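Let me begin by presenting the structure, written as structure tokens, before commenting on it.
Read the numbers this way: they start at 1 and go in the same order the structure lists the ligands and their atoms. Since this is a predicted model, take the numbers as computed values, not measurements.
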Amino acid sequence: MTEHLVDPQTPRDLKAFIAGLPKAELHVHHVGSASPRIVSELAARHPDSKVPTDPEALADYFTFTDFAHFIEVYLSVVDLIRTPEDVRLLTYEVARELARQQVRYAELTITPFSSTRRGIDERAFMDAIEDARKAAEAEFGTVLRWCFDIPGEAGLEAAEETARLATDDRLRPEGLVSFGLGGPEVGVPRPQFKPYFDRAIAAGLHSVPHAGETTGPETVWDALTHLRAERIGHGTSAAQDPKLLAHLAEHRIALEVCPTSNIATRAVRTLDEHPIKEFARAGVVVTINSDDPPMFGTDLQNEYAVAARLLGLDERGLADLAKNAVEVSFLDDAGKTRIKGEIDSYTAEWLGR
Ligand SMILES: Nc1ncnc2c1ncn2[C@@H]1O[C@H](CCC(=O)c2cccc(C(=O)O)c2)[C@@H](O)[C@H]1O
Ligand SMILES: [Zn+2]
């Protein structure tokens, strides 16, 4: 994204440090990463859509009154992805944007149910994302992995379909590492998804549900108890429960924090009220992520700048944040060591200038 996106209160030098810092992104949605250019291109291809074709008008379109409104707009963009070629183009362009921000490794949350129910052939869908993943790694050097998530509000039919697509040996893509649960939380209790998470975990996938983004800490407990969560998407409301914070810290269950997202969907009122400080103070492993960056007018660099301000971090603190994400990622040990080494040498070189 452009320079103006970076938090205006961040010193210029720290901005430059963040821009070059090798990073890992653990919580970013596939469709939610479509750039204004891609969205307007797809909208122009499908004139029946209410999504604006003018990239300038998208900023207004991407202003949300609440979480439900965000999901409504999100689904109007999902409706634009109609062919395997749309899927391939989107995935490849997302990787290009990540590479531009020095993201070396990303776990991209994909909702295959939303595409197969809209008529995209499941085999062609898997081939499209895998094709883009391999091309991106070869051309940009960014390693992509997938998290397939259940859109919880679409019910158990969606859960069944997502579990099938994630565990069927003939379909399951090589890049798939984890299983998630997204969408609204109100009225969508987590425990009902236990059998689907059990199947995914038995098939070797990691458990990374969203929880505590728009409901209270009990949803985070449910995600831990019933879905055996290894990391939590958002977990914002965990700050209300000191026992939960202690549990997350003790078991090194990381939170995938997405500060600007929480403001844009109105889950949190202002950045200054964001509980990221409480997480850090309680010793919880915090990772910084962008969620649906163009929809929230942000990118990963900006999220690091916001975190630096809220947590009062210097270069070393930011490097530690970046290393947190690598450590709790589902990359293999050799890959983790390589990226952490890159972060250390970059930081040492920067500070020794
Ligand atoms: N901040 C977020 N927090 C939570 N989720 C987020 C966030 N950002 C993006 N998502 C994505 O939104 C999807 C929601 C899709 C959904 O609810 C739905 C309901 C009924 C039908 C259909 C359909 O496709 O027909 C879809 C989730 O699966 C998730 O991947
Ligand atoms: Zn999310």
Side-chain angles (χ1 to χ4, degrees), residues 25-34 39 62 64 66-82 86-87 90-91 94 106-120 122 125 129 146-163 165-166 178-190 193 196-197 200 208-215 219-220 223 227 229 231-237 254-268 274 287-298 300 303:
E25 163 82 278
L26 304 182
H27 189 124
V28 61
H29 295 263
H30 185 223
V31 173
S33 300
V39 172
F62 289 155
F64 312 111
D66 56 19
F67 192 82
H69 179 223
F70 159 66
I71 292 291
E72 185 190 319
V73 170
Y74 187 88
L75 288 177
S76 71
V77 179
V78 171
D79 280 335
L80 295 175
I81 319 286
R82 301 192 186 175
D86 292 343
V87 174
L90 169 65
T91 317
V94 170
E107 291 171 17
L108 204 56
T109 297
I110 298 188
T111 316
F113 170 80
S114 290
S115 289
T116 57
R117 90 170 304 186
R118 283 169 176 74
I120 299 183
E122 57 197 35
F125 181 86
I129 58 173
W146 318 126
C147 168
F148 278 3
D149 82 327
I150 303 170
E153 209 177 43
L156 296 186
E157 177 209 348
E160 175 58 42
E161 174 78 343
T162 310
L165 294 167
S178 61
F179 198 70
L181 171 59
E185 292 174 27
V186 178
V188 188
R190 310 285 99 172
F193 300 106
Y196 308 96
F197 275 77
V208 285
H210 286 64
E213 178 185 19
T214 48
T215 58
T219 308
V220 179
L227 311 182
R231 297 194 314 246
I232 299 281
H234 299 279
T236 319
S237 64
L255 297 182
E256 300 161 359
V257 177
C258 313
T260 299
S261 158
N262 297 147
I263 309 309
T265 65
R266 307 196 185 237
V268 174
H274 197 283
T287 66
I288 297 299
N289 304 278
S290 64
D291 212 12
D292 303 287
M295 294 188 179
F296 300 145
T298 191
L300 189 61
E303 296 308 286

Could you tell me whether ligand 1 has any atom less than 4.0 Å away from a heavy atom of [X]?
X    : result
G233 : no
V78  : no
R118 : yes

The test is salt bridge (Lys or Arg N to Asp or Glu O under 4.0 Å); show your working for E122 and R117 and say whether it passes. CA-CA 10 Å; E122 57 197 35; R117 90 170 304 186; over 6 Å; no
Please determine if R117 has a nitrogen or oxygen closer than 3.5 Å to a nitrogen or oxygen of ligand 1.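 Such a contact does occur with ligand 1.
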Can you check whether D149 has an N/O within less than 3.5 Å of an N/O in ligand 1? yes
In the protein, what heavy atom is nearest to [atom], and what distance, to one decimal place, separates them?
atom                    : answer
atom 13 (C) of ligand 1 : Y74 CE2, 4.0 Å
atom 10 (N) of ligand 1 : H29 CE1, 3.4 Å
atom 26 (C) of ligand 1 : L75 CD2, 3.5 Å
atom 20 (C) of ligand 1 : A154 CB, 3.7 Å
atom 17 (O) of ligand 1 : P184 CD, 3.7 Å
atom 5 (N) of ligand 1  : G183 N, 2.8 Å
atom 15 (C) of ligand 1 : P151 CB, 3.7 Å
atom 24 (O) of ligand 1 : S114 OG, 2.5 Å

Evaluate the side-chain proximity of Y196 to L227: yes if any heavy-atom separation is below 4.5 Å, no if none is. no
Is the closest side-chain heavy-atom distance between T162 and F193 below 4.5 Å? no
Would you indicate which of T214, I150, D292 comes nearest to atom 9 (C) of ligand 1 when only heavy atoms are counted? D292
Options H234, E213, H27, M295, ranked by nearest heavy atom to atom 3 (N) of ligand 1, top entry: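 It is E213 whose heavy atom sits nearest to atom 3 (N) of ligand 1.
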Between OG1 of T287 and CD of E303, what distance do you get to the nearest 0.5 Å? 11.5 Å
To the nearest 0.5 angstrom, please state how far the OG atom of S114 sits from the CD atom of E161. 10.5 Å
Where's the contact between [X] and ligand 1, heavy-atom distance under 4.0 Å: side chain, backbone, both or neither?
X    : value
F67  : side chain
D291 : side chain
A158 : neither

Do the ring planes of H29 and H27 sit parallel (below 30°), tilted (30 to 60°) or perpendicular (above 60°)?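 If you compare the ring of H29 with that of H27, the planes turn out perpendicular.
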Checking [Y] against [X]: is there a side-chain donor and acceptor pair closer than 3.5 Å?
X    : Y    : value
T109 : D149 : no
N262 : T260 : no
E107 : S178 : no

How wide is the angle at the Zn ion (ligand 2) spanned by H27 NE2 and H210 NE2, rounded to 10 degrees?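 Value, to the nearest 10 degrees: 90°.
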Is the distance between the ring centroids of F197 and F179 less than 6.0 Å? yes
One pair to check against side-chain contact (heavy atoms from CB on, under 4.5 Å): E185 and E213. What are the steps and the verdict? CA-CA 8 Å; E185 292 174 27; E213 178 185 19; 3.2 Å; yes
Which ligand 1 atoms, with their elements, are less than 4.0 angstrom from a heavy-atom of T111?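 That gives atoms 28 (O), 30 (O) of ligand 1.
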Output the list of atoms in ligand 1 that are nearer than 4.0 Å to some heavy atom of F70, sorted by atom number.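 Reading through ligand 1 atom by atom, the close ones are 7 (C), 8 (N), 9 (C).
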Go through D79 and R118 one step at a time and tell me if the side-chain contact (heavy atoms from CB on, under 4.5 Å) criterion holds. CA-CA 8 Å; D79 280 335; R118 283 169 176 74; 2.7 Å; yes
Please report the C-alpha distance between M295 and F70 in whole Å, then the side-chain angles of each, then the deciding distance to 0.1 Å, and finally whether the side-chain contact (heavy atoms from CB on, under 4.5 Å) criterion is met. CA-CA 9 Å; M295 294 188 179; F70 159 66; 3.9 Å; yes
Any N/O/S atom from D291 (main chain or side chain) under 2.8 Å of the Zn ion (ligand 2)? yes
